[in-house]
Protein chains: 2
Amino acid sequence: MQRACRSCSLHELCLPLGVSDTDIDLLEKIVHRSRPLPRGKYLFREGDPFTSIFVARSGAVKSFTVGQDGSEQIIGFHLPGELLGLDGLTQGVHAASARTLETVSVCEVPFERLEETARQVPALQHQLLRLMSREITKREEQLLSLGKQAPERRLAVLLLSLSVRFSQRGYSATRFLLPMARIDIANFLGLAAETVSRLLRRLQDTQVLAIDGRAVDILNLPELRALAGAEPEEPAREACR
Amino acid sequence: MQRACRSCSLHELCLPLGVSDTDIDLLEKIVHRSRPLPRGKYLFREGDPFTSIFVARSGAVKSFTVGQDGSEQIIGFHLPGELLGLDGLTQGVHAASARTLETVSVCEVPFERLEETARQVPALQHQLLRLMSREITKREEQLLSLGKQAPERRLAVLLLSLSVRFSQRGYSATRFLLPMARIDIANFLGLAAETVSRLLRRLQDTQVLAIDGRAVDILNLPELRALAGAEPEEPAREACR
DNA sequence: CGACCACTTGATCCCTATCAAAAGATGTGG
DNA sequence: CCACATCTTTTGATAGGGATCAAGTGGTCG
């Protein structure tokens with residue numbers, strides 16, 4: 001248990017990257033590892049005082065804000081090793097809520113103590129800054145995808161993003177289970193659930209992927225990449241003219 | 001010149017916030033202050049090696065990526081005191097380009113030396129982390145606005161954001177000059193330039209604001225706030241039914 | 001003064017949201 | 001283990017809004 005971070009399979013994606021074994025000891029001392037949380041539980045809520053950041057060891061989490069009409073606005077999906085809650089530091093309260101999409105094991109890292117430790121361990125400071133930078137980059141990519149791309153491309157970008165992230169975590173890049181419902185995908189992409197359903201149908205009809213419920217099988221990865229933005233206009237669409 | 005940061009009017013918005021006068025000396029030693037850059041110059045380009053972050057002392061900057069068809073995809077507009085280039089740390093190269101929208105005076109902060117100094121000065125480390133957190137929050141807000149809101153609301157959100165940011169910098173919250181062209185606004189909001197033009201017309205027709213070229217005068221700030229998202233549905237629209 | 005942009009205004013078409021309904025999945029209690 | 005209720009997903013039909021195409025206006029800089 002004391003060597004938790006060192007033996008964690010997410011070592012290379014998470015805070016310990018680049019930190020020496022002896023320094024990881026310092027990090028491990030401040031990390032709280034909780035028991036598994038069932039689906040639908042909150043890690044934190046919008047407006048809660050910001051004291052810690054969180055990382056899932058296993059299981060996916062969604063983050064979202066709630067409009068005054070009560071509707072969820074999904075900001076992102078977080079796989080194991082991806083930091084959660086960093087947006088709370090600015091205001092001192094969490095800017096979004098985070099809820100588990102499935103059974104999730106989380107690590108909680110008290111932020112003040114992390115800051116202290118980072119001062120003593122340059123490599124940890126650097127990795128923390130790098131991970132924050134990654135969060136910025138990630139949101140910029142989302143911004144480009146959501147703000148300016150066609151619905152089909154947005155969906156392709158999301159599927160590809162999941163594919164890449166699953167493969168970084170040692171899972172198949174072409175066969176995986178979606179951790180979220182269609183309606184969550186739609187909400188995240190700024191589309192109607194019906195549109196997502198129809199887009200997925202089209203992707204199946206064109207042999208790009210096969211879907212059974214939440215099980216995705218990417219049959220034509222190059223084509224999915226193309227749809228996600230490799231070239232300006234979709235190439236194979238004779239039937240539409 | 002040596003006391004540049006301390007006497008800077010952006011003191012409260014920028015890296016020095018919360019740092020003691022003696023420690024600001026350490027920061028000032030590593031900051032390069034350039035002569036004013038004319039409109040249309042690059043601070044850095046996508047793919048450039050990441051070595052520094054930038055802050056404008058005066059003048060606005062846009063950041064954007066370029067699709068392989070050569071089209072700009074504007075990610076954000078940056079007013080004085082807002083950090084630029086933090087998204088480059090993850091990959092070691094800048095994730096976007098930054099170009100001046102008008103004459104701009106910039107400070108360049110070499111990142112490695114900033115990291116070192118932050119280790120020695122806890123308040124600086126904290127403020128750096130806070131500012132990175134703000135960049136994350138800012139992009140999340142953009143994400144919510146761009147991804148899920150109606151065009152009219154997106155525009156209202158942008159105008160309101162500029163209003164708030166100008167007033168934080170000591171300018172009027174209701175009368176200001178847009179630093180960017182309509183086409184940039186459209187690109188940023190994921191809309192056609194024609195749509196932006198029509199939306200602005202509607203906002204003028206409803207007495208929410210007056211526009212002459214790039215000069216904006218917000219006549220009805222509460223209504224603009226309402227349009228930007230205070231309540232689920234727009235309230236005063238009898239003429240449309 | 002003319003050329004080049006940025007901006008505005010108008011007309012049309014396509015795409016996606018919306019409404020509606022059915023089919024499928026999930027879970028609960030009898 | 002089944003029957004029922006609820007929720008998710010799919011499919012269909014319709015209408016509206018914004019992109020696009022097109023033309024015209026206005027401003028700026030040489």
Side-chain angles (χ1 to χ4, degrees), chain A residues 38-40 62 69 71-74 99 101-103 145-156 177-205 209-216 227 232-234 237 239-241, chain B residues 38-40 62 69 71-74 101-103 145-156 159 177-205 209-216 227 232-234 237 239-241:
Chain A
R39 181 177 173 284
K62 70 174 169 184
D69 58 346
S71 66
E72 272 186 22
Q73 313 273 301
I74 297 180
R99 192 156 28 151
L101 286 166
E102 48 197 341
T103 303
S145 167
L146 292 194
K148 310 186 204 295
Q149 305 302 340
E152 185 177 47
R153 181 162 293 189
R154 297 187 207 179
L155 182 59
L177 285 177
L178 295 172
M180 73 295 282
R182 298 281 189 281
I183 198 173
D184 284 337
I185 294 178
N187 185 323
F188 174 66
L189 296 179
L191 303 171
E194 294 92 328
T195 304
V196 171
S197 186
R198 280 183 254 265
L199 289 173
L200 287 174
R201 164 126 306 285
R202 203 184 332 160
L203 289 174
Q204 289 182 91
D205 291 345
L209 40 87
I211 299 196
D212 179 24
R214 292 192 175 184
V216 174
L227 290 172
E233 217 47 46
E234 57 268 272
R237 292 273 297 283
C240 285
R241 195 117 292 271
Chain B
R39 180 177 173 285
K62 70 174 169 183
D69 58 347
S71 67
E72 272 185 24
Q73 313 272 301
I74 297 181
L101 286 166
E102 48 197 339
T103 303
S145 168
L146 293 193
K148 310 184 204 296
Q149 305 302 340
E152 185 177 47
R153 181 163 292 190
R154 297 187 206 179
L155 182 59
L159 290 171
L177 286 176
L178 295 171
M180 73 295 282
R182 298 281 190 282
I183 198 173
D184 285 337
I185 295 178
N187 186 323
F188 175 66
L189 296 179
L191 302 171
E194 293 93 327
T195 303
V196 170
S197 186
R198 280 183 254 265
L199 290 173
L200 287 174
R201 165 125 307 284
R202 207 191 320 169
L203 289 175
Q204 289 182 90
D205 292 344
L209 41 88
I211 299 196
D212 179 24
R214 291 191 175 183
V216 174
L227 289 172
E233 216 46 45
E234 55 269 271
R237 291 273 298 283
C240 286
R241 196 120 293 270

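With hydrogens and angles disregarded, no donor-acceptor distance shorter than 3.5 Å links the side chain of Arg39(B) to the backbone of Thr103(B). Between the side chain of Glu152(A) and the main chain of Leu227(A), no donor-acceptor pair closer than 3.5 Å is present.
Applying the salt bridge (Lys or Arg N to Asp or Glu O under 4.0 Å) definition to pairs two or more places apart or across chains, those involving residues 181-193 of chain B are Lys62(B)-Asp184(B).
More than 12 non-hydrogen atoms from other residues, nucleotides or ligands lie less than 6.0 angstrom from CG of Asp205(B). Counting non-hydrogen atoms of neighbouring residues, nucleotides and ligands closer than 6.0 angstrom, the CD1 atom of Ile183(A) reaches no more than 12 such neighbours.
A side-chain contact (heavy atoms from CB on, under 4.5 Å) with Met180(A) is found for one member of Leu101(A), Ile74(A), Asn187(A) and no other, namely Leu101(A).
For DNA chain D, the contact window with chain B, defined by any atom under 4.0 Å from a protein heavy atom, covers dG18(D) to dA22(D) in 5' to 3' order.
In this structure, CG in Leu155(A) is found 14.0 Å from CZ in Arg198(A), a value given to the nearest 0.5 Å.
A salt bridge links Arg99(A) to Glu72(A): at least one charged side-chain nitrogen sits closer than 4.0 Å to a carboxylate oxygen.
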Atom pairs under 3.5 Å, N or O on each side, protein against nucleotides 16-23 of chain C: can you list them with distances?
from    : atom 1 : to        : atom 2 : distance (Å)
dA17(C) : OP1    : Ala192(A) : N      : 3.4
dA17(C) : OP2    : Ala192(A) : N      : 3.4
dA17(C) : OP2    : Thr195(A) : OG1    : 2.2
dT18(C) : O4     : Arg198(A) : NH2    : 3.0
dC19(C) : N4     : Glu194(A) : OE2    : 3.0

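Counting to the nearest Å, the C1' atom of dT8(C) and the CZ atom of Arg182(B) are 10 Å from each other. Rounded to whole Å, atom P of dA6(C) lies 13 Å from atom CG of Asn187(B).
No engagement by Leu200(B) is indicated, since no non-hydrogen atom pair under 4.0 Å with the nucleic acid exists.
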